[in-house]
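Within every chain, numbering begins at 1; the chains are lettered A, B, ... in the order of the sequence lines, protein sequences first and strands thereafter. Note that the coordinates shown come from a computational prediction; the quantities given were computed from them, not determined experimentally.
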Number of protein chains: 2
Amino acid sequence: MTNRQSSLVEPCESGDKPYHHGDLRRQILDEAARLLKEEGEAGLSMRKLAQNLGVSRTAPYHHFKDKQALLCGVAEEGFRRLREVVRTPPYVEGAEISEAAVRLFVHRYVQFSIDNAEYYELMFGARLWKSEQLTESLRLEAHNAFKVYIEQIRLWQQSISTSTVDALRFAQVSWSTLHGMSRLLIDGIYLDATAINVMSDTAAKMFWQQLYIQA
Amino acid sequence: MTNRQSSLVEPCESGDKPYHHGDLRRQILDEAARLLKEEGEAGLSMRKLAQNLGVSRTAPYHHFKDKQALLCGVAEEGFRRLREVVRTPPYVEGAEISEAAVRLFVHRYVQFSIDNAEYYELMFGARLWKSEQLTESLRLEAHNAFKVYIEQIRLWQQSISTSTVDALRFAQVSWSTLHGMSRLLIDGIYLDATAINVMSDTAAKMFWQQLYIQA
DNA sequence: AAGCAATCTTGACACTGTCCATATTGAGCA
DNA sequence: TGCTCAATATGGACAGTGTCAAGATTGCTT
């Protein structure tokens with residue numbers, strides 16, 4: 001029942017149970033991601049989540065309409081992170097894209113999916129996308145991420161004056177390759193972690209050659 | 001309470017509740033796949049499954065140790081089907097592989113994943129592969145499927161005398177592409193069904209050119 | 001100070017996977 | 001034929017789940 005002022009000081013001091021908690025939504029998102037990472041999808045329940053945060057079972061429902069909505073929130077954050085990875089290539093405007101740059105790009109994407117597997121699975125899982133209950137903000141964030149990806153490919157393609165590849169189609173297929181590799185790895189089908197680099201390099205070389213191919 | 005003889009007649013006559021049912025395991029697998037297809041993963045529960053088949057909730061547990069084991073059984077069947085698709089290319093032994101053959105192969109794979117989405121999701125989902133409870137028979141069936149795939153690629157590569165591609169690496173990456181396209185489609189991220197053919201063709205052309213590339 | 005909206009809590013309900021003891025059955029052996 | 005035994009099916013029970021409805025608490029605004 002101890003009560004403390006909170007508007008001025010940082011509300012996140014830990015200790016006794018506070019009044020209104022103040023920072024829940026944020027902590028829910030983080031704890032959800034943590035649970036997903038540690039125990040997998042089966043280990044994430046609304047009740048356990050609430051208990052771990054020291055609030056009642058239904059408290060989270062004032063910040064997320066649904067479990068679904070919560071997962072959408074987590075995925076949304078994943079897309080924001082991914083966008084930064086995709087958008088920050090070592091690509092100098094005007095200069096011709098190099099094979100090394102493509103290789104680095106591939107490595108970054110795959111590495112992101114591994115480092116953020118909890119997020120990645122949600123971001124591109126049927127759980128959310130086949131549910132007809134996608135948060136509008138998530139749909140926006142996802143659409144945006146793909147737009148950034150296409151824009152990136154278009155820059156590559158335009159930097160090579162002789163390239164005849166259709167940028168959109170190439171974007172779709174190359175993304176499929178990246179996505180496929182990532183899923184096979186994080187879903188536990190490709191266990192050989194040392195194969196990651198070899199596969200990434202092979203994929204990068206394929207992309208690179210594809211960009212130069214003439215019709 | 002009506003009771004009937006059963007040893008001589010076909011036990012699967014429908015009508016009143018029979019003695020020992022006799023054909024359960026098979027029907028469980030089918031009904032599970034049906035439920036997955038109609039209502040998605042969330043719509044499949046052991047209890048509903050049993051109820052739909054007219055048996056008690058725990059009856060399925062005499063044929064599958066677990067829900068997990070049941071899903072493994074379904075996935076296993078999926079792998080058997082996939083193997084047939086992969087193994088039956090229009091490829092004439094000895095003749096050089098044609099671009100059209102590659103294209104057809106890609107189409108077949110993607111089409112399989114769409115037509116058997118319920119199976120595909122299980123076959124390559126984290127649900128099973130990250131669970132440490134994979135049925136041994138499933139692990140075998142899966143391993144076999146990938147072996148058949150590699151063998152196929154190797155045939156292609158050997159049919160082109162000038163090809164310098166590393167067959168194993170190319171198999172890994174091309175499979176990633178196929179898997180990525182399939183997942184993006186069946187998970188509902190690529191909604192545009194008309195894009196399937198275009199993407200498949202683009203991927204096929206990429207594979208084809210890759211097979212011919214010189215180091 | 002009063003009121004209101006946001007936030008949190010408790011209780012309840014239907015549903016889930018799965019263990020247990022029990023009942024039914026079919027097949028193999030005397 | 002009759003008896004036994006393992007395979008199969010059943011209902012009860014338990015802990016766990018998502019989520020709704022009603023009530024309590026709190027902080028902000030007027």
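- B:I28 places its CD1 atom 8 Å from the P atom of D:dA9, with the value rounded to the nearest Å.
- With rounding to whole Å, A:L49 atom CG is found 11 Å from D:dT17 atom P.
- Residues forming a side-chain hydrogen bond (donor to acceptor under 3.5 Å, both in side chains) with A:S131 (at least two apart in sequence, or on another chain): A:Q68.
- Between B:R25 atom CZ and D:dA9 atom P the separation is 13 Å, expressed in whole Å.
- If you measure from atom NE2 of B:H63 to atom P of D:dA7, you get 12 Å, rounded to the nearest angstrom.
- Remark: C1' of C:dT7 and CZ of A:F64 are 14 Å apart, rounded to the nearest angstrom.
- Residues forming a side-chain hydrogen bond (donor to acceptor under 3.5 Å, both in side chains) with A:E41 (at least two apart in sequence, or on another chain): A:R127.
- Per the geometry, CD belonging to A:Q51 stands 15 Å off C1' belonging to C:dT10, to the nearest Å.
- Following rounding to the nearest Å, B:D23 (CG) and D:dA7 (C1') show an atom-to-atom distance of 16 Å.
- Remark: B:E38 CD is packed, more than 12 non-hydrogen atoms of other residues, nucleotides or ligands lying under 6.0 Å away.
- Applying the salt bridge (charged side-chain N to carboxylate O under 4.0 Å, His left out) criterion to B:K67, with sequence neighbours excluded, gives no partner residue.
- In terms of the side-chain hydrogen bond (donor to acceptor under 3.5 Å, both in side chains) criterion, residue partners of A:R34 (sequence neighbours excluded) are, by chain and number, A:E31.
- Residues meeting the side-chain hydrogen bond (donor to acceptor under 3.5 Å, both in side chains) test with B:S56, sequence neighbours left out: none.
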Heteroatom pairs (N/O) under 3.5 angstrom, protein to nucleotides 18-22 of chain D:
| residue | atom | partner | partner atom | Å |
| --- | --- | --- | --- | --- |
| D:dG18 | OP1 | A:M46 | N | 3.0 |
| D:dG18 | OP1 | A:K67 | NZ | 3.1 |
| D:dG18 | OP2 | A:M46 | N | 3.0 |
| D:dG18 | OP2 | A:R47 | N | 3.4 |
| D:dG18 | N7 | A:R47 | NH1 | 2.5 |
| D:dG18 | O6 | A:R47 | NH1 | 2.7 |
| D:dT19 | OP1 | A:D66 | OD1 | 3.0 |
| D:dT19 | OP2 | A:Y61 | OH | 3.1 |
| D:dT19 | OP2 | A:K67 | N | 3.0 |
| D:dT19 | O4 | A:R47 | NH1 | 3.2 |

